[in-house]
Asker: 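Sharing a structure below in structure tokens format, with a few things to ask.
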Amino acid sequence: MTVQETYAQLNPPRFWLNIQHDAFYTQHNLSMRSFVLSVTRNRNVTIDYISSPEVAFLQNIAPSFQRSATNLVFRFLGQNDVEPSTNQTYGSLLKNITFIKTFASGIIVPKSYIWPVDKDLYLLPSTSLVLDAHKEGLEVFASDFYNDVPFSFNYSYDPVAEYLQFIDNGEFSVDGMISDFPITPSAAIDCFAHLGRNASKQVDLLVISSNGASGDYPGCTDMAYSKAIQDGVDVIDCPVQMTMDGTPICLSSINLIDSTTVAQSQFSNLTTTIPQIMPGSGIFSFNLSWSEIKTLTPIISSPQSQYKLFRNPRFKNAGTFLTLSEFLTIASNASSLQGVLISIENAPFLLEQGFAVTNAVLDALSKAGYGNKTDQKVMIQSSSSSVLMKFKSQTNYDLVYKVDEDIGGAQSSTIDDIKSFASAVVISKDSVFPENSAFITSATNVVPRLKAANLSVYVQTFSNEFTSQAWDFFSDPTVEINSFYLGGGINGVITDFPKTSNRYRRNRCLNRRNQIPGYMSPVQPGSLYGLITAPYLPPAEAPNPFLTEADVNEPPLPPVAAKAPSTSPNGTALAPTSPNGQPKVAAAAIMQLLTVFLAISLLF
């Protein structure tokens with residue numbers, strides 16, 4: 001569209017013309033000056049801003065706008081790029097702000113001019129540019145904001161956090177921001193700026209951690225849990241695994257290779273294959289004692305690493321692992337927490353191997369005082385109904401059933417079964433808004449049906465990396481959370497970035513009831529998918545299956561079996577020890593050898 005057509009069709013609240021190549025057009029006998037003046041003389045078009053990266057162009061048109069409401073803005077490009085009319089670099093022009101003021105009322109600068117980053121993409125101290133420009137009476141507009149281009153690790157892949165750094169840092173604020181995703185800065189300015197840490201919650205959305213703040217630190221470490229508490233999480237979680245010596249610990253996976261350096265350690269030869277647990281091989285927590293696991297180095301999870309999106313590399317090995325008892329101590333001392341969530345998986349297999357995982361959890365909770373603790377609730381989560389039935393028969397804890405597959409619905413009888421042993425359900429994001437090639441295609445009725453049965457619905461896993469989200473959410477995790485809460489009606493989120501979810505539920509725009517602005521409205525499922533033209537539609541996918549009674553019903557947990565002999569790092573059975581500290585099997589072997597020698601001597 002032409003400039004005039006754009007203005008006429010959209011009737012924008014403000015209109016900005018950016019003239020990028022005046023010198024080039026002049027070489028081709030085309031006058032951008034004449035064009036701009038002709039547009040501004042059109043009574044049907046109002047131009048509020050005109051920007052250009054060329055000094056000569058702005059100097060040329062400035063006299064025509066001295067008595068106009070139109071603002072002229074000089075645009076800085078890269079610091080080493082050369083401005084064509086002065087033959088100076090933009091970096092050198094930046095040192096002479098007073099000169100810029102002679103022909104412009106504002107400047108556009110790349111965001112790195114204000115908040116530079118080091119070679120590792122961590123923030124450096126801010127420059128004085130904004131304050132200096134404001135002293136000269138120049139407005140400052142920051143540019144180069146993109147939700148889907150990696151920015152500083154300080155923002156934890158949260159674009160709202162980046163925008164707030166430019167308008168709510170306690171020292172200065174830019175006057176505007178130029179973005180490919182205007183929904184995000186609009187929400188940042190109107191809904192989130194200057195909220196403060198103690199802003200009240202506007203909506204009732206439970207925030208549960210996923211291995212602590214595992215987006216910022218290695219999961220299930222002391223640092224991940226401390227960060228989650230600092231970021232305002234309601235419930236911290238501990239996925240319980242068992243060690244060889246029967247100690248319950250918090251670890252994101254039963255396979256140590258997923259979260260530790262065990263594959264590069266002296267225990268690398270303990271690799272085994274256990275089909276009942278997972279396909280492929282692993283080194284499992286019950287292959288090592290707790291003292292041995294403590295020697296391993298944690299590794300931060302980077303689930304989007306295939307897209308070269310890595311998490312907090314400076315702290316990728318930070319923190320220490322915790323026993324369940326140590327985790328409960330941290331939780332008990334955190335007055336801001338509403339409770340803890342303890343996840344138990346692979347219980348039948350562990351019991352058959354002699355690891356009494358359910359009893360170990362009950363014992364740890366009892367010793368930590370959670371048997372009679374009333375200020376923090378205990379949530380027990382499992383994808384095994386038999387685990388939850390056991391806890392239901394012995395405790396009054398909140399029981400959470402985890403559906404470990406994407407579902408398109410659930411039979412009424414299945415929902416009744418779940419309600420008989422649980423008060424909440426965890427489902428995947430795809431079970432709420434199914435996707436095809438990362439486009440949302442529709443909305444299921446899973447959430448309203450579960451809630452109609454008085455079951456709370458928590459959805460996992462909410463991550464900040466834009467590649468973890470459907471295209472519909474504009475590469476903004478806040479848009480995603482908002483759509484699942486306002487549009488999907490969920491009760492809680494399970495997230496590895498609790499800070500983003502906690503900030504969302506405190507934003508002032510949620511308190512406007514029927515006057516919520518467009519940038520805080522949920523996306524409409526299927527609206528973006530519906531814009532795809534026929535030749536580019538992805539292949540149709542089969543709908544997700546319904547959850548049936550057969551998926552949920554299980555036999556009772558087996559009794560704890562007699563524990564098999566433990567194995568040492570070289571894979572051989574550890575012999576029992578005699579009072580003198582020597583293995584009994586060695587003494588027995590010596591006696592057998594003496595018997596053989598005696599028999600041979602008798603033959604002669």
Side-chain angles (χ1 to χ4, degrees), residues 205 208 210 278-279 303-304 306 343 345 381-385 387-388 399-463 465-473 477 479-496 522-532 536-554:
L205 177 70
I208 304 170
S210 175
M278 56 174 279
Q304 303 302 316
Q306 69 267 36
S343 175
E345 298 297 339
Q381 174 186 297
S382 182
S383 61
S384 170
S385 60
V387 169
L388 299 181
L399 305 180
V400 182
Y401 181 65
K402 177 183 174 183
V403 180
D404 56 4
E405 62 177 339
D406 297 334
I407 59 172
Q411 298 173 348
S412 297
S413 56
T414 307
I415 296 175
D416 290 339
D417 281 349
I418 294 172
K419 189 176 179 181
S420 69
F421 59 79
S423 59
V425 180
V426 171
I427 58 176
S428 67
K429 292 192 292 187
D430 211 67
S431 299
V432 183
F433 297 130
E435 296 179 18
N436 185 350
S437 301
F439 291 96
I440 294 177
T441 57
S442 61
T444 71
N445 66 353
V446 173
V447 174
R449 293 204 64 212
L450 291 172
K451 291 178 67 175
N454 206 28
L455 290 164
S456 297
V457 181
Y458 310 132
V459 174
Q460 65 176 21
T461 303
F462 287 85
S463 300
E465 293 95 337
F466 69 93
T467 50
S468 71
Q469 303 149 16
W471 296 114
D472 306 66
F473 302 126
V479 176
E480 180 182 43
I481 296 166
N482 183 58
S483 297
F484 272 86
Y485 177 73
L486 290 182
I490 67 175
N491 299 105
V493 296
I494 299 174
T495 174
D496 31 24
V523 304
Q524 296 303 307
S527 59
L528 194 59
Y529 186 83
L531 297 177
I532 305 174
Y536 299 98
L537 279 170
E541 294 183 347
N544 291 327
F546 264 53
L547 189 68
T548 66
E549 290 182 76
D551 297 321
V552 175
N553 292 335
E554 294 178 348

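From a predicted model like this one, the values you see are computed outputs, not experimental measurements. Quick note: residue numbers are just sequence positions, from 1.
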Asker: Might you point out which heavy atoms bring Ala422 and Leu388 nearest each other, and give the distance in Å?
Answerer: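 What the structure gives for the nearest pair is CB-CD1, 4.5 Å.
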Asker: If you take all heavy atoms of Ile415 and Ala453, which pair is closest and at what distance?
Answerer: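 Looking at all heavy atoms of both residues, the shortest contact is CG2-CB, 3.5 Å.
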Asker: Provide the closest heavy-atom pair for Ile407 versus Asn544 in the form atom of the first, atom of the second, distance.
Answerer: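 Here Ile407 and Asn544 meet closest at C-CB, 3.5 Å.
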Asker: When you look at Ser442 and Phe433, which way does the side chain to side chain contact (heavy atoms under 4.5 Å, CB included) test go after all the steps?
Answerer: CA-CA 6 Å; Ser442 61; Phe433 297 130; over 6 Å; no
Asker: Apply side chain to side chain contact (heavy atoms under 4.5 Å, CB included) to Asn491 and Leu205, showing your working.
Answerer: CA-CA 6 Å; Asn491 299 105; Leu205 177 70; over 6 Å; no
Asker: Is any side-chain heavy atom of Thr495 less than 4.5 Å from a side-chain heavy atom of Ile208?
Answerer: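 Side chain of Thr495 against side chain of Ile208, heavy atoms only: no contact under 4.5 Å found.
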Asker: If you define the side chain from C-beta out and look only at heavy atoms, does anything of Ile418 sit under 4.5 Å from Val425?
Answerer: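 A side-chain contact exists here, since the closest heavy-atom pair is under 4.5 Å.
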Asker: Please identify which of these residues, Val400, Val387, Asp404, meets the side-chain contact (heavy atoms from CB on, under 4.5 Å) condition with Ser382.
Answerer: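 It is Val387, the one option of Val400, Val387, Asp404 that forms the side-chain contact (heavy atoms from CB on, under 4.5 Å) with Ser382.
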Asker: Do Gln304 and Thr467 pair up side chain to side chain, a donor and an acceptor below 3.5 Å, judged on atom types alone?
Answerer: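 There is such a pair (donor and acceptor under 3.5 Å, judged by atom type) between the side chains of Gln304 and Thr467.
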Asker: Please give me the minimum heavy-atom distance between Ser428 and Asp406, naming the atom from each residue.
Answerer: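 What the structure gives for the nearest pair is OG-OD1, 2.6 Å.
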Asker: Might you work through the side chain to side chain contact (heavy atoms under 4.5 Å, CB included) test for Val552 and Phe421, ending with a clear yes or no?
Answerer: CA-CA 11 Å; Val552 175; Phe421 59 79; 3.7 Å; yes
Asker: Would you name the heavy atoms of Tyr458 and Ala424 that are closest together and state the gap between them?
Answerer: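 Closest pair (atom of Tyr458, atom of Ala424, distance): CE1-CB, 3.6 Å.
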Asker: For the OG atom of Ser210 and the CG atom of Asp496, what is their distance to the nearest 0.5 Å?
Answerer: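 So the gap between those two atoms works out to 5.0 Å.
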Asker: Hey, what's the ring geometry for Phe484 with Phe462, parallel, tilted or perpendicular (30° and 60° as the breaks)?
Answerer: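 Plane angle over 60°, so perpendicular.
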Asker: Return yes if a side-chain donor-acceptor contact under 3.5 Å exists between Asn436 and Thr441, otherwise no.
Answerer: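 Judged by distance alone, the side chains do not pair up.
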Asker: Check whether more than 12 heavy atoms from other residues, nucleotides or ligands sit under 6.0 Å from atom CD of Glu541, and answer yes or no.
Answerer: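 Enclosed: over 12 neighbouring heavy atoms sit under 6.0 Å from CD of Glu541.
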Asker: Establish, from distance only, whether the side-chain atoms of Asp551 and Thr548 form a donor-acceptor pair under 3.5 Å.
Answerer: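 The criterion, which ignores hydrogens and geometry beyond distance, is satisfied for Thr548 and Asp551.
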Asker: Could you check whether any side-chain heavy atom of Glu480 comes within less than 4.5 Å of a side-chain heavy atom of Asp472, counting everything from C-beta outward?
Answerer: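 They are not in side-chain contact.
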Asker: With the side chain counted from C-beta on, respond yes when Val479 and Val523 share a heavy-atom pair under 4.5 Å apart, and no when they do not.
Answerer: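 Yes, close enough: below the 4.5 Å cut-off.
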Asker: Might you work through the side-chain hydrogen bond (donor to acceptor under 3.5 Å, both in side chains) test for Glu549 and Ser413, ending with a clear yes or no?
Answerer: CA-CA 7 Å; Glu549 290 182 76; Ser413 56; 2.9 Å; yes
Asker: Any non-hydrogen side-chain atom of Val493 less than 4.5 Å from a side-chain atom of Val459?
Answerer: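 SC-SC contact between Val493 and Val459 ruled out.
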Asker: Once rounded to the nearest 0.5 Å, what's the spacing between atom CD1 of Ile427 and atom CD1 of Ile490?
Answerer: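 So the gap between those two atoms works out to 8.0 Å.
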Asker: Using 4.0 Å as the upper bound for N to carboxylate O, is an ion pair formed by Lys429 and Glu435?
Answerer: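 Between Lys429 and Glu435 there is no salt bridge, as every charged N stays at least 4.0 Å from the carboxylate O atoms.
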Asker: With a 4.5 Å limit on heavy-atom distance, are the side chains of Leu528 and Ile440 in contact?
Answerer: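 They are not in side-chain contact.
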Asker: Before you tell me yes or no, could you show the steps for Glu554 and Ser384 under side-chain hydrogen bond (donor to acceptor under 3.5 Å, both in side chains), namely the whole-Å CA-CA distance, both residues' side-chain angles and the distance that decides it to 0.1 Å?
Answerer: CA-CA 7 Å; Glu554 294 178 348; Ser384 170; 2.6 Å; yes
Asker: Give me the atom names and distance for the closest heavy-atom approach of Glu405 to Pro545.
Answerer: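 Shortest heavy-atom contact: OE1-CG, 4.2 Å.
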Asker: Under a 3.5 Å cutoff, is there a donor and acceptor pairing between the side chains of Thr444 and Arg449?
Answerer: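 Distance-only check fails for Thr444 and Arg449.
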Asker: Which value, rounded to the nearest 0.5 Å, describes the distance between Ser468 atom OG and Phe473 atom CZ?
Answerer: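 Answer for the OG-CZ pair, Ser468 versus Phe473, is 10.0 Å.
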Asker: Ignoring hydrogens and angles, tell me if any N or O in the side chain of Thr461 forms a donor-acceptor pair with the backbone of Ile494 under 3.5 Å.
Answerer: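 Such a contact is absent between Thr461 side chain and Ile494 backbone.
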Asker: Determine the interplanar angle of the Phe439 and Trp471 rings, folded into 0 to 90°, and report it as parallel if under 30°, tilted if 30 to 60°, perpendicular if over 60°.
Answerer: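 Phe439 and Trp471: tilted rings.
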